[in-house]
Amino acid sequence: MVTSGIYTSLTYPVHRVKILLQTQDANPRILSGKVPRYSFVHSFGRLAKEQGVLGLWRGNTPYLLRHVPSISMSFAFKDAFREAMPRYDAAASPFSALAANAAAGAAAGALSLALVYPFEFATIRLAADLGSGGADRQFGNGMLSAWVQAMRAGGPLSCYQGFGVAVASMAAYKALYFGLYDTAKNLLLHEDGRRLEVTPTALLGRTALAASTTFMAASITYPLDIIRKRLVVDVGSDPSSRQYNGRFKAAVQRIYAREGLKGFYRFYSYDMVFRWEERQAGHSQVAPGVQS
C-alpha cells in the first residue's frame with residue numbers, strides 16, 4: 001500500500017493534467033475566454049507558472065484517500081460477494097461462472113466506490129480548478145471547502161454527482177473485458193478453462209490478448225469518464241453558466257453538439273499510453289475514470 005501511494009503521488013501531475021484537459025470545455029473560465037485553453041504539451045509548465053510547482057499536485061490528497069484503500073476494499077468485498085453467490089464449475093458452466101464472478105466484482109467495485117466517491121469528487125474539482133490561489137480559486141481551497149461549496153450550491157448529495165455514471169462505466173468495463181478476454185481466449189488460444197499452457201508462446205499470447213481486451217474495453221467505456229467528470233465540474237456553477245444541470249442526457253447532447261465525437265475522447269491517446277505504463281509497473285486499475 002505504501003509503494004502504491006508513493007507511485008500514485010509521483011505520477012499525479014499527469015492525472016491532474018488529464019482531468020484538466022477532459023473538463024476544460026465545461027469550465028466557465030475557458031468558455032468565456034477569460035483563461036486560454038490548455039494543451040498537453042504546455043500544461044505542466046503553464047500550471048507550474050500560474051499556480052506554482054505544488055499546483056501540479058492540487059487534488060493529490062483526496063486522490064490518495066480515494067485510490068489507495070479502494071483497491072484493498074474491492075478485493076475484500078469481492079470475496080464476500082462471491083461467497084454469497086451460487087458456485088459454478090468453470091468447466092461445466094463457463095458462462096454462469098463468468099457471470100457470477102463479474103457480478104461479484106461489479107458489486108464489490110460499486111460498494112467500495114460508494115465509500116470513497118466524495119474523495120473522487122473532490123479530486124476532480126480541485127484538479128479542474130484554474131484559479132491561481134486564494135479568492136481566485138473556483139472550487140475551494142482544499143478538499144473540505146470543495147465539498148462545502150458543492151453542498152451549499154446543490155444540496156448534500158452533490159458530492160455524489162456522477163456516481164451512477166461511474167458505476168455504469170465500471171460494470172460495462174468488467175463485462176466487456178472478461179467477456180472479450182474469455183471469448184477470444186477460447187477462439188484464438190484454444191484454451192477452454194480446463195487446461196492452461198505455460199509455454200512461452202502461450203504466455204505471450206495471453207499477455208497480448210489481455211492488453212488488446214483492456215484497450216478495447218477502455219476505449220468503449222472512455223466516453224463515460226468524460227461525461228462523469230464534466231458533470232462533476234458543472235456542479236455548483238453559476239446558474240447562467242451551467243452546461244448540463246446534472247443531467248446525463250444533456251451532457252451527451254451538449255458535448256456532441258459543440259465538440260463532436262472527439263469531445264468524448266479528450267486525452268484519450270495519452271491515457272492509453274499511461275495505462276499501458278501503469279500495467280507494466282503493476283499499478284493498472286479498473287476502468288477509465290473509475291481508475292483515474
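In the model, Arg258 has no side-chain atom that pairs as donor or acceptor with a side-chain atom of Gln253 under 3.5 Å. Judged by distance alone, the side chains of Gln22 and Arg266 never bring a donor and an acceptor atom under 3.5 Å apart. Neither side chain, Gln24 nor Arg29, offers a donor N or O lying under 3.5 Å from an acceptor on the other. With hydrogens and angles left out, the side-chain atoms of Gln161 and Asp234 include no donor and acceptor closer than 3.5 Å. Side chains of Asp136 and Ser132: a donor-acceptor N/O pair is present below 3.5 angstrom, by distance only.
Checked by atom type and distance alone, the side chain of Arg125 never pairs as donor or acceptor with a backbone atom of Ala146 at under 3.5 Å. Tyr12 places no side-chain N or O within donor-acceptor distance of the main-chain N or O of Tyr63, the cut-off being under 3.5 Å. Trp147 places no side-chain N or O within 3.5 Å of a backbone atom of Cys159 that could act as its donor or acceptor partner. A donor-acceptor pair under 3.5 Å is absent between the side-chain atoms of Trp57 and the main chain of Pro13, judged by distance alone. Looking only at distances, a side-chain donor or acceptor of Ser112 sits under 3.5 Å from a matching main-chain atom of Gly109. Looking only at distances, no side-chain donor or acceptor of Asn27 sits under 3.5 Å from a matching main-chain atom of Leu130. Without hydrogens or angle criteria, Ser169 side chain to Val165 main chain gives no donor-acceptor distance under 3.5 Å. Between the side chain of Asp129 and the main chain of Gly131, a donor-acceptor pair closer than 3.5 Å is present. For Arg247 (side chain) and Ala250 (main-chain N/O), no donor-acceptor pair under 3.5 Å exists by modelled atom type. Looking at Tyr160, its side chain does come within 3.5 Å of a backbone N or O of Ala114 through a donor-acceptor pair.
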Worked verdict on Asn60 versus Leu126 for side chain to side chain contact (heavy atoms under 4.5 Å, CB included): CA-CA 9 Å; Asn60 184 53; Leu126 295 175; over 6 Å; no
Given Tyr173 and Ile220, is the side chain to side chain contact (heavy atoms under 4.5 Å, CB included) satisfied, shown in steps? CA-CA 8 Å; Tyr173 179 87; Ile220 293 171; over 6 Å; no
Quick one, Val116 with Met73, criterion side chain to side chain contact (heavy atoms under 4.5 Å, CB included). Give me CA distance, side-chain angles, the key distance, then yes/no. CA-CA 10 Å; Val116 300; Met73 285 192 296; 3.5 Å; yes
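Taken from CD1 in Ile124 to CZ in Phe119, the straight-line distance is 14.0 Å, to the nearest 0.5 Å. Here the CG atom belonging to Leu21 is positioned 4.5 Å from the OG atom belonging to Ser43, to the nearest 0.5 angstrom. Between the OG1 atom of Thr23 and the CD1 atom of Ile226 there is a distance of 8.5 Å, given to the nearest 0.5 Å. Interatomic distance, Asp271 CG to His15 NE2, rounded to the nearest 0.5 Å: 9.5 Å. We find the CE-OG1 distance between Met272 and Thr214 to be 9.5 Å, quoted to the nearest 0.5 Å. Taking CZ from Arg254 and CD1 from Ile227, the interatomic distance works out to 14.0 Å, rounded to the nearest 0.5 Å.
Here the shortest heavy-atom pairing between Arg37 and Arg46 reads O-NH1, 2.8 Å. Closest heavy-atom contact between Ala166 and Leu113: CB-CD2, 3.6 Å. Across Arg228 and Asp225, no two heavy atoms sit closer than the pair NH2-OD1, 3.1 Å. Summarising the geometry of Ala26 relative to Gln243, their closest heavy-atom pair is O-CG, 4.3 Å, with the distance given to 0.1 Å. Nearest heavy atoms, Gly142 versus Arg137: N-NH2, 4.3 Å.
Side-chain contact between Met151 and Leu157 is absent, with no heavy atoms from C-beta onward closer than 4.5 Å.
Arg66 forms no cation-pi arrangement with Tyr117, by the criterion of a distance under 6.0 Å to the ring centre and an angle within 45° of the ring axis.
Ion pairing between a basic and an acidic side chain is recognised when a charged N comes within 4.0 Å of a carboxylate O; Glu259 and Arg230 show such pairing.
By the 30° and 60° cut-offs, the orientation of the rings of Tyr268 relative to Tyr222 is perpendicular.
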